[in-house]
Amino acid sequence: ARVGATVVDGREWLLFQAVPAFELFTGHGAPVPTMRKALWKTRKDGRTNIALIGFMGSGKSAVAEAMGRRTGMAVIDIDTNIEKKAGCSVAEIFERKGEKAFRSMEVEEVDGLRFVSNTVVSCGGGVVVSRPNVRVLRNNCVTVWLWAGIDTSLRRIGETGSRPLLHRVDEAGAEALLRGRYPLYASTCDLLVNTEGKGPEEIAMRIHDETRNNAVRR
């Protein structure tokens, strides 16, 4: 520096290695300011829960079950718990009571994560639209974004009719919904995992390797 050279922190090198990887995985521009903020705010803490977020069809439920088998951790599926308490499916909740009522149930369910530990949590695709949910996830879980392209997500979902927000939209509408959530997933997660062409066991092994001993920093 005394001879006039520009000094670049090593974290900037790491950031701009991650940017093309993000764009390759997602096909969209990387949220560089958000990524930089997360990278420079590094700390190691005692979070023992692993929360899986991502769009419908990204494989969250299957990967959570695989994580449970691999690690012996308890497994929670937020949507399944809501359905048990409501006595009907998520699609029926949307149909009868509307999305606002469902999001309220979801916030209540996610808030309960403050009182659990050593648990893998499969979250609904829209969990990140509620700020209280994001706060609980960030404070109590190592949060992993499972990414898959829209074609893969729609293929995995199939024609089950079980995803109410996709019930009346075409592929373009689904892609717009996913694109709108990219910044929310990116700002919530500690780790991004591309699930394209990978089975639940392989993805679970990757997450376990990346998060064991609380190795993930933020």
Side-chain angles (χ1 to χ4, degrees), residues 18 21-28 49-84 89-91 94 102 106 109-110 113 118-129 133-134 137-138 141-167 169 171 173-212 216:
F22 180 97
E23 294 176 346
L24 178 64
F25 286 159
T26 67
H28 295 273
N49 299 318
I50 298 174
L52 306 180
I53 63 173
F55 198 61
M56 298 164 277
S58 59
K60 299 182 297 291
S61 295
V63 173
E65 293 294 337
M67 284 288 296
R69 291 191 296 270
R70 171 170 290 275
T71 65
M73 298 170 70
V75 177
I76 290 176
D77 189 298
I78 296 296
D79 281 357
T80 297
N81 283 1
I82 292 173
E83 289 178 335
K84 287 179 180 178
S89 69
V90 170
F94 269 73
F102 172 78
E106 186 177 55
E109 200 65 34
V110 171
L113 300 180
N118 201 39
T119 298
V120 183
V121 186
S122 172
C123 300
V127 70
V128 293
V129 304
N133 290 343
V134 172
L137 293 176
R138 293 287 289 163
C141 306
V142 173
T143 304
V144 182
W145 175 11
L146 300 186
W147 183 87
I150 191 64
D151 291 340
T152 299
S153 295
L154 292 178
R155 187 183 72 249
R156 290 172 178 170
I157 292 169
E159 300 298 328
T160 64
S162 61
R163 301 308 198 275
L165 289 183
L166 294 187
H167 189 60
V169 300
E171 183 173 337
E175 186 172 4
L177 181 62
L178 173 58
R179 188 183 304 114
R181 288 180 179 171
Y182 273 146
L184 301 176
Y185 292 137
S187 62
T188 303
C189 77
D190 298 290
L191 178 68
L192 168 66
V193 175
N194 183 2
T195 69
E196 292 280 358
K198 303 179 180 67
E201 295 294 339
E202 182 181 355
I203 299 166
M205 181 173 66
R206 168 71 185 279
I207 295 171
H208 180 53
D209 288 344
E210 294 284 353
T211 60
R212 73 172 75 194
V216 172

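For reference, positions follow the sequence shown, starting with 1.
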- Query: Could you give all pairs that pass the side chain to side chain donor-acceptor pair (under 3.5 Å) test and reach residues 66-75, with sequence neighbours left out?
  - Reply: Arg69-Glu201
- Item | Sub-4.5 Å side-chain heavy-atom contact between Trp145 and Tyr182 | yes
- Task: May I ask you to decide if Leu146's main-chain N or O and Tyr185's side chain share a donor-acceptor pair within less than 3.5 Å?
- Result: no
- Query: Can you tell me how far the CE atom of Met56 sits from the CG atom of Asp79, to the nearest 0.5 Å?
  - Reply: 10.0 Å
- Closest approach of Ile53 and Cys189, non-hydrogen atoms and distance? CD1-CB, 4.2 Å
- Note on the structure: Between Cys141 and Leu113 the two heavy atoms that sit nearest each other are SG-CD1, 4.3 Å
- Taking all atoms of both residues into account, what is the closest heavy-atom pair of Ala148 and Thr195, and its distance? CB-OG1, 3.5 Å
- Got a second to check how far Asn133's CG is from Leu184's CG, nearest 0.5 Å? 11.5 Å
- Message: Within this structure, what is the CD-CD1 distance for the pair Glu196 and Ile203, rounded to the nearest 0.5 Å?
- Response: 9.5 Å
- What's the shortest heavy-atom distance between Ile50 and Met67, and which atoms? CD1-CE, 3.6 Å
- Item | Residues which pass side chain to side chain contact (heavy atoms under 4.5 Å, CB included) with Thr80, listed by chain and number, not counting sequence neighbours | Asp77, Lys84
- Main-chain N/O of Ser89 paired with Glu83 side-chain donor or acceptor, under 3.5 Å: no
- Query: In Å, rounded to the nearest 0.5 Å, how long is the span from CG of Asn49 to OG1 of Thr211?
  - Reply: 11.5 Å
- Message: Glu109: which residues meet the salt bridge (charged side-chain N to carboxylate O under 4.0 Å, His left out) condition with it, sequence neighbours left out?
- Response: Lys85
- With sequence neighbours left out, write down each residue that passes side chain to side chain contact (heavy atoms under 4.5 Å, CB included) with Glu202, or none if nothing qualifies. Lys198
- Query: Any donor-acceptor pair under 3.5 Å linking the side chain of Lys60 with the backbone of Gly54?
  - Reply: yes
- Query: How long is the gap from CG on Asp190 to OG1 on Thr143, to the nearest 0.5 Å?
  - Reply: 5.0 Å
- Message: Going by the rule side chain to side chain contact (heavy atoms under 4.5 Å, CB included), which residues pair with Phe25 if we only count those two or more places apart in sequence or in a different chain?
- Response: Trp147, Leu192, Asn194
- Message: List the residues meeting side chain to side chain contact (heavy atoms under 4.5 Å, CB included) with Val134, not counting sequence neighbours, and say none if there are none.
- Response: Val128, Arg138, Thr188
- State the CG-SG distance between Leu52 and Cys123, to the nearest 0.5 angstrom. 7.0 Å
